[in-house]
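Read the structure below first, then the notes.
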Amino acid sequence: MATFTDYLKFKTKNRHEFINITPDVNRVIKKSKIMDGLVLVNPMHITAAVYVNDAESGLIKDFQEMLQRLVPTEGNYKHNLTGEDNAYAHMWRQLMGHQVTMPITDGELDLGPWEQIYYAEFDGEREKRVLVKIVGDRHCE
Ligand code: ZN
């Protein structure tokens, strides 16, 4: 069994962004030369999420409206009494998920027909990293 670790780097132009990172994850898998195994994609920041869903712009707007409806960006949040202004971002990350583990088959992501991996940034405009850690075999039977 082999392991491989790499990091994707982001500095989003906007505070909130949804980025399809499927091609970046596949690029890391190719670099790892691992043909069969699992890839963990972890946003490494507590105000960002990694999730798997459809790459459809209407759905992304629906997610944004859902998040605003459930946890408005402005609110009477105790976390913001510490001088921070990102309580909503911590809660959005809980709602959208932490990290994903996905299958690798024949040297690439083995995705369902509409599955794409997204990095959702909720408190951006600064340097962020996403961990990509792969475990598996370099030779396929
Ligand atoms: Zn905070």
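Every number for a ligand or one of its atoms is a count from 1 in the order of the listing. Just so it is clear, the structure is predicted and the values come from calculations on it, not from any experiment.
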Examine all N, O or S atoms of T82, backbone included, and report whether one is under 2.8 Å from the Zn ion (ligand 1). no
Name of the H79 atom (N/O/S only) found closest to the Zn ion (ligand 1): NE2
Does the side chain of H16 come under 3.5 Å of the side chain of Y88 through a donor N or O and an acceptor N or O? yes
Taking 2.8 Å as the cut-off, does an N/O/S atom of E84 lie below it from the Zn ion (ligand 1)? yes
More than 12 heavy atoms of other groups within 6.0 Å of K61 NZ: no
Checking side-chain polar atoms at under 3.5 Å, does E121 have a donor or acceptor matched by the opposite partner on T12? no
Does any donor atom in the side chain of N80 or D85 lie under 3.5 Å from an acceptor atom in the other side chain? no
